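Take a look at the structure set out below.
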Number of protein chains: 2
Amino acid sequence: MAMEEIRRGEMLYEGKAKQLYTCNLPDCYVMFYKDDATAFDGKKKAKISGKGALNNAISAIFFEMLQQAGVPTHHVRKLSENESLVRKVDLFPLEVIVRNLVAGSMAKRLGLQEGTPLRHPTVEFDYKSDPLGDPLVTEEQVAVLGWATEEEVDEMRRLALRVNDVLSADLLRRNVLLVDFKLEFGKDTDGQIVVADEISPDTCRFWDVQTHAKLDKDRFRRDMGGVEEAYQEMLHRLGGVLA
Amino acid sequence: MAMEEIRRGEMLYEGKAKQLYTCNLPDCYVMFYKDDATAFDGKKKAKISGKGALNNAISAIFFEMLQQAGVPTHHVRKLSENESLVRKVDLFPLEVIVRNLVAGSMAKRLGLQEGTPLRHPTVEFDYKSDPLGDPLVTEEQVAVLGWATEEEVDEMRRLALRVNDVLSADLLRRNVLLVDFKLEFGKDTDGQIVVADEISPDTCRFWDVQTHAKLDKDRFRRDMGGVEEAYQEMLHRLGGVLA
């Protein structure tokens, strides 16, 4: 894609942490990362200065890492501090969670100790709905309810585990444990399933390998302080700098 | 098994709706059906006179139907109004739910209309825990957390769908729609996986085919009245009588 000037058009969608705009390139959108932080399906809210730029930079690094490894994503390139150019995709109404260790909602729902390692990574599908609290659904329910076909579910599961392999291995070299993460998938205009949305401390749990210090949004969810510093530390460990 | 006199021994376990006793036969227990009704993980409680006897009679009919169809169960025979003889099994800590139409927790969790038909029956596994509210788990989580092996999960799924086929077809002839039901599975002393617990209006949703009148525990959960009458009607439609 030529490095011509990108002009942002109308806002198509505003989510809790990002805005999506049309632009002058066909089949592309501009994703704008906001400084807004929310948790618990939007019930807890705050502004964290610099968060948008940090997530944009971190996401771009992860998406480029995945593309290098042959995993298709919606990412085209970072445009500015808070903006990235992405390909237009039709999102599935699903959150795809990969877990390496027990944490967060899994610990709470099943009464398990946070940090318990899992014998192998697990993939789960949550139905994306704030009012319903993003409920867990079985892969069979996803297909029966028409949210994705069986083949699409299988492809998302396969890609999610590939993403886990690629990111876990890279992060371990940077002394970061990838505890779990949430992906969203979409179908591009050619019908290919690609990783979409963002991959950042808002959507992953990152722990320091030695100390298990949290370098992610749990610092905000659990009022631990040092949120921006943790996101900066993650960008630093990834070898990135703010544009 | 010879029809020798069964003598009940000590109580091994008391659940919300049943008690389990040792007896003088090897590898067998006596299951006693109580009149206690509970809902919402034990938060709502009442006594419904005659319920124990009705569930015992209905369960025996269903278990015999399954055995005729070649589905292994823990059931040996009905002993008295409130008692049945069952084989000793090691229960999995799981509830296995089969659904033909959307109802109950599925409707609530996913914001779907109760009564929506599913394109094909679905099977889900819940982790049996009252304090946790019997949370849904994926089949992969069941295996990773060691609650059953992958092969055992597959076998429970296969048996649960067989149970659905056998009971749905029979009930339809009796003008009853099998909306959904919960099974528990155990492993007998030979290591075979068998259907255990009970199969009754306490553990199934039964709707009249024409009117969709509820003939099950939802009448109690939802304070609709006519609970005992509904259970009696189910026994009647199954051609059974109280001993």
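Keep in mind the model is a prediction, meaning the values are calculated, not measured. Just so we're on the same page: letters track the sequence lines, and every chain starts at 1.
- In this structure, A:Trp207 and A:His212 have tilted ring planes: the angle between them lies in the 30° to 60° band.
- With a threshold of 4.5 angstrom between heavy atoms, B:Ser129 does not approach chain A through any atom at all.
- A donor-acceptor contact under 3.5 angstrom links the side chains of A:Glu64 and A:His75, judged on distance only.
- Side-chain contact check for A:Ser168 and A:Asn164: at least one donor-acceptor pair (N or O, by modelled atom type) lies under 3.5 Å.
- Between the side chain of A:Lys34 and the backbone N or O of A:Lys47 there is no donor-acceptor pair closer than 3.5 Å.
- Side-chain atoms of B:Tyr29 and B:Val89, non-hydrogen and from C-beta on, never get closer than 4.5 Å to each other.
- When all heavy atoms of A:Glu139 and A:Val123 are compared, the closest pair comes out as OE2-O, 4.3 Å.
- Side-chain atoms of A:Lys51 come within 3.5 Å of backbone N or O of A:Asp36 as a donor-acceptor pair.
- A:Asp216 and A:Tyr231 form no side-chain donor-acceptor contact under 3.5 Å, judged by distance and modelled atom types alone.
- Neither the backbone nor the side chain of B:Pro117 has a heavy atom closer than 4.5 Å to any heavy atom of chain A.
- Annotation for B:Cys204 and B:Leu178: closest pair CB-CD1, 4.2 Å, computed over non-hydrogen atoms.
- Neither side chain, B:Ser200 nor B:Tyr33, offers a donor N or O lying under 3.5 Å from an acceptor on the other.
- Within residues 181-193 of chain A, no residue has a heavy atom under 4.5 Å from a heavy atom of chain B.
- Cation-pi geometry between A:Lys44 and A:Phe220 is satisfied (NZ or CZ under 6.0 Å from the ring centre, within 45° of the ring normal).
- For the set A:Arg119, A:Gln141, A:His120, A:Glu140, the entry with the most heavy-atom pairs within less than 4.5 Å of chain B is A:Glu140.
- Of all residues spanning residues 91-114 of chain B, those with a heavy atom less than 4.5 Å away from chain A's heavy atoms are B:Met106, B:Lys108, B:Arg109, B:Leu110, B:Gly111, B:Leu112, arranged by number.
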